[in-house]
Number of protein chains: 2
Amino acid sequence: MTVHEHGRYSTGVEDLPYRSVPEAAVGRLAVYLRVLTSMIEQGVTTMSSEVLAGAAGVNSATLRKDLSYVGSYGTRGVGYDTARLVEHIERLLGLTRHHSIAVVGIGNLGHALANYPGFPDRGFPVTALFDVDEDLIGVPVGGLPVDHVDSIPAICAEREVTIGVICTPVPAAQGVCDLLVAGGVRCILNFAPVVLQVPDDVEVRRVDLAVELQILSFHQVRRGNGIGPVVEPIDPIAVSR
Amino acid sequence: MTVHEHGRYSTGVEDLPYRSVPEAAVGRLAVYLRVLTSMIEQGVTTMSSEVLAGAAGVNSATLRKDLSYVGSYGTRGVGYDTARLVEHIERLLGLTRHHSIAVVGIGNLGHALANYPGFPDRGFPVTALFDVDEDLIGVPVGGLPVDHVDSIPAICAEREVTIGVICTPVPAAQGVCDLLVAGGVRCILNFAPVVLQVPDDVEVRRVDLAVELQILSFHQVRRGNGIGPVVEPIDPIAVSR
DNA sequence: GCGACTTTGTTCCTGCGTTCACAAGCGGCT
DNA sequence: AGCCGCTTGTGAACGCAGGAACAAAGTCGC
């Protein structure tokens, strides 16, 4: 949880100074990126911060500040050149680099993710699949054969996997995580509802579907909507967003 | 984005005063809940904030503050009674109420979610499935037949669906969302990578897998780890968490 | 029964993130 | 060419969340 100060990085092509980018802004930039590419497909070449913010569901001031982390690539009185903006956001997010992902745990969810078109479409090709089930080993899923989890370290290193996706049951998750780390994977997307223990240089993002539902449940009750036991809000609802 | 002040709500059984609960705390409480239920299964009856915080991956001070939103149910010098804590967190999160969820879009991901054991296990039974594909209508998935999306409003109202899960392709998402809202659904979990437009009284949570990957990509580049084009951090890496 | 130890609950404080508001800058119109 | 209006980019303020530190409180041992 350390806070680092200003820095810069070299792309190997040119040097660009970058400020410290807030975590929340990174997530929003990814959203802007998708809105922009969608707009470009529709032939839009220029967008104002107001319009882009509306499409992304954020405040226009927030959007402009986020874009200022990327650099000043807008034209006052006109807006942003969509193609140019996409290019710079992609560079900031590191999407100009080679990424490849491994999916571990080919159950229902793993199967779906192995076939998820959103991954390759956005520059994240799935290059390895793993499971413990002997019946699955060698079976092609989405055109890629499944390997045994024991071979995770070797195969991940060989295929230069940069992101590991864990879709195993809870008891297996930590072990699989350790294997991925042993294979040189430093980024992990975890769908198993456990908190993984990893070295400091490994980044884990957890997607917990049950937690998402429980948050929705909380808001519904606080709002007093819907069906079920009577809920009577006496004061304005006690929720800060 | 309005901020509401202190409030209280009636459970219909007893009145409990509750403070304003930060959004981030709600998410963590759901995590504590899972850790606690898992501990109870192992026979643990009492936990200190230090231990629970470690298992949930948060600071113990943060944990105690979060639990203070629930109420003061710990014993100084001892810790928290696990069963009692679970009960109160569940009530705060609204898990004592009846919830049922509808999954729309029975593709790979929708199929996986319809069979996801984590939903019923945590009190969120899947009670309706929808798709546009005529070949799927009537086919049972996880023991439940698929209905046509046109019947969303009627069936959701009839079965008292409280949460809608959208797994459709992007172009269909907004239309499906409108149908769910028409059917009285006020909570939506959206897996389609679009920002949905909804009335103020509807809560949407988006799970965007590509965005998660892009955030991981950003951190990896900023860290300078991994394979690919050379990345040279000159100053300490410019990332604030 | 009393003291010491443990752990909670809370207060204060620091720092980040978001929003407001405005000056600077650029294009279009006359 | 000059003015007008629109939009960006940023400086400042506000509000929230997280962490440290401490006082209150209850238990265990003697």
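In what follows, every chain begins at residue 1, and chains take the letters A, B, ... in the order their sequences are listed.
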#### Entry: Those residues that, when tested against A/Glu50, pass salt bridge (charged side-chain N to carboxylate O under 4.0 Å, His left out) (two or more places apart)
none

### Task
Check whether the side chain of A/Lys65 and the base of C/dT19 form a donor-acceptor pair under 3.5 Å.
yes

### Query
Whole Å only: how far is the CG atom of B/Leu67 from the C1' atom of C/dT7?
13 Å

### Task
Check the pair B/Leu109, A/Leu109 against side chain to side chain contact (heavy atoms under 4.5 Å, CB included), reporting the backbone distance first and the verdict last.
CA-CA 7 Å; B/Leu109 189 55; A/Leu109 188 56; 4.0 Å; yes

### B/Phe191/A/Leu209 under side chain to side chain contact (heavy atoms under 4.5 Å, CB included): CA gap, chis, key distance, verdict
CA-CA 11 Å; B/Phe191 285 86; A/Leu209 304 179; 3.6 Å; yes

### Query
Can you tell which of C/dC12, C/dT19, C/dG17 lies closest to the side chain of A/Ala61?
C/dT19

### Query
Just to confirm, is there a sub-4.0 Å distance from OP1 or OP2 of C/dC20 to any side-chain nitrogen or oxygen of A/Asn59?
yes

### Residue whose closest nucleotide on DNA chain D lies nearer the 5' end, A/Arg64 versus B/Ala25
A/Arg64

#### Entry: Counterpart residues, ring-ring contact (aromatic ring centres under 6.0 Å, His included), relative to B/Phe124 (two or more places apart)
B/His99

### Message
Could you work out, with salt bridge (charged side-chain N to carboxylate O under 4.0 Å, His left out) as the rule, every residue matching B/Glu212, not counting sequence neighbours?
### Response
A/Arg205

### Query
Looking at side-chain heavy atoms only, is the closest gap between A/Cys177 and A/Asn190 below 4.5 Å?
no

Would you mind writing out the side-chain donor-acceptor pairs for residues 24-41 of chain B within the sub-3.5 Å range, not counting sequence neighbours?
unit_1  : atom_1 : unit_2   : atom_2 : d
B/Arg28 : NE     : B/Asp66  : OD2    : 2.6
B/Arg28 : NH2    : B/Asp66  : OD1    : 3.1
B/Arg28 : NH2    : B/Asp66  : OD2    : 3.4
B/Tyr32 : OH     : B/Asp66  : OD2    : 2.7
B/Arg34 : NE     : A/Pro193 : O      : 2.8
B/Arg34 : NH1    : A/Asp208 : OD2    : 2.4
B/Arg34 : NH2    : A/Pro193 : O      : 3.4
B/Arg34 : NH2    : A/Asp208 : OD2    : 3.1
B/Thr37 : OG1    : B/Leu33  : O      : 3.2
B/Thr37 : OG1    : B/Arg34  : O      : 2.9

### Message
Just N and O in the side chain of B/Tyr80: are any of them under 4.0 Å from OP1 or OP2 of C/dG9?
### Response
yes

Set out, line by line, the N/O atom pairs under 3.5 Å between protein and nucleotides 24-30 of chain C.
unit_1 : atom_1 : unit_2  : atom_2 : d
C/dA24 : N3     : A/Arg76 : NH1    : 2.7

### Query
Which of residues 47-54 of chain A sit near DNA chain C, with a heavy atom under 4.0 Å from it?
none

### Task
Could you work out which one of D/dT10, D/dG19, D/dA17 sits closest to the side chain of A/Ser68?
D/dT10

